[in-house]
Structure formats: structure tokens, C-alpha cells
Amino acid sequence: ENVISARFIKWRLAELKRSPEWLAENLEIHYSAVYRYMYGETLPRTSRQKQFFELLETKLDSIGKLVLKYEKHLVNLDL
């Protein structure tokens with residue numbers, strides 16, 4: 001889950017032309033937390049996942065759904 005989530009975050013931020021700092025500011029968390037998400041060290045808390053995915057402009061609302069939907073695509077992405 002962590003690797004898939006990390007790749008997804010990097011991919012969506014690039015697609016949206018947004019920075020990790022922008023995501024942190026809008027989630028009202030420290031930017032180091034976003035970097036931990038981006039490098040697969042941690043996952044966003046369950047209580048923040050809906051807002052997290054809204055900011056990334058997706059219809060997903062949980063890491064579990066992300067993995068099910070994008071796993072095959074994101075594993076092969078070179079980020």
C-alpha cells in the first residue's frame with residue numbers, strides 16, 4: 001500500500017502541477033508528513049484520506065480503493 005500510495009501522490013501532484021508544500025498547507029499538516037507519504041514511509045491517517053483525495057482531485061476516498069484501482073498501473077510508472 002505504501003509504495004502504491006507514494007507513486008500515486010507523486011503522479012497526481014505532477015499532473016495537477018502542485019507541490020508537496022501546497023498539499024501540506026491545504027491539509028493543514030507539516031510538509032514533512034507529505035514527504036513521508038511521497039516516499040512510502042507512512043500513509044495518510046484514515047480520518048484525512050477523504051480530504052486528501054479531494055485535494056488530489058480524485059473520486060477515491062481511501063487508500064484501499066486506490067490500491068485496487070491503480071495498483072497495476074502505478075507499479076510500472078517510472079517516478
Side-chain angles (χ1 to χ4, degrees):
E1 286 185 341
N2 289 29
V3 172
I4 301 302
S5 177
R7 288 175 176 260
F8 180 79
I9 295 165
K10 290 177 189 176
W11 173 65
R12 284 304 296 159
L13 286 174
E15 288 282 308
L16 297 169
K17 295 180 178 27
R18 299 288 188 173
S19 69
E21 291 82 5
W22 171 86
L23 186 58
E25 183 179 313
N26 283 279
L27 287 172
E28 298 178 353
I29 59 175
H30 197 270
Y31 70 87
S32 64
V34 173
Y35 281 97
R36 286 192 299 273
Y37 304 156
M38 290 178 60
Y39 291 98
E41 294 174 20
T42 61
L43 294 171
R45 291 184 176 154
T46 305
S47 61
R48 289 202 180 266
Q49 289 181 16
K50 183 176 180 182
Q51 181 187 14
F52 178 80
F53 286 114
E54 286 173 357
L55 289 169
L56 294 177
E57 299 181 18
T58 70
K59 293 182 180 180
L60 301 169
D61 61 5
S62 73
I63 298 293
K65 289 180 183 176
L66 165 70
V67 171
L68 289 173
K69 184 167 184 168
Y70 290 102
E71 182 173 23
K72 290 179 184 177
H73 173 71
L74 291 170
V75 166
N76 298 318
L77 223 109
D78 185 27
L79 297 172

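This structure is a prediction, so every number in the text was calculated from the model and none was measured.
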Original post:
Could you give the distance from CG (L23) to CD (Q51), rounded to the nearest 0.5 Å?
Top reply: 9.0 Å
Subject >> Spatial distance of atom CZ (R18) from atom CG (L55) [nearest 0.5 Å] >> reply: 9.0 Å
**OP:** Report the distance from atom NE2 of H30 to atom CD of E21, rounding to the nearest 0.5 Å.
**Re:** 10.5 Å
Subject >> Which atom of P20 lies closest to which atom of M38, heavy atoms considered >> reply: CG-SD, 3.4 Å
Subject >> Shortest non-hydrogen contact between E57 and R12, atoms and distance >> reply: O-NH2, 3.5 Å
Subject >> For E28, all residues meeting side chain to side chain contact (heavy atoms under 4.5 Å, CB included), sequence neighbours excluded >> reply: none
Subject >> Closest non-hydrogen atom pair between P44 and S5, with its separation >> reply: CD-OG, 4.4 Å
**OP:** First locate atom CG of L16, then atom CH2 of W22, and finally report the distance between them rounded to the nearest 0.5 Å.
**Re:** 6.5 Å
Subject >> side chain to side chain contact (heavy atoms under 4.5 Å, CB included) partners of E41, counting only residues at least two apart >> reply: R36, Y39
Original post:
Are F52 and I29 side-chain neighbours, meaning at least one heavy-atom pair lies under 4.5 Å?
Top reply: no
Subject >> Spatial distance of atom CZ (F8) from atom CG (L56) [nearest 0.5 Å] >> reply: 6.0 Å
Original post:
Tell me, do Y37 and T42 make a side-chain contact under 4.5 Å, heavy atoms counted?
Top reply: yes
**OP:** Sequence neighbours left out, what passes side-chain hydrogen bond (donor to acceptor under 3.5 Å, both in side chains) with Y31? Give chain and number order.
**Re:** none
Original post:
To the nearest 0.5 Å, what is the distance between CD1 (I9) and CZ (R7)?
Top reply: 12.5 Å
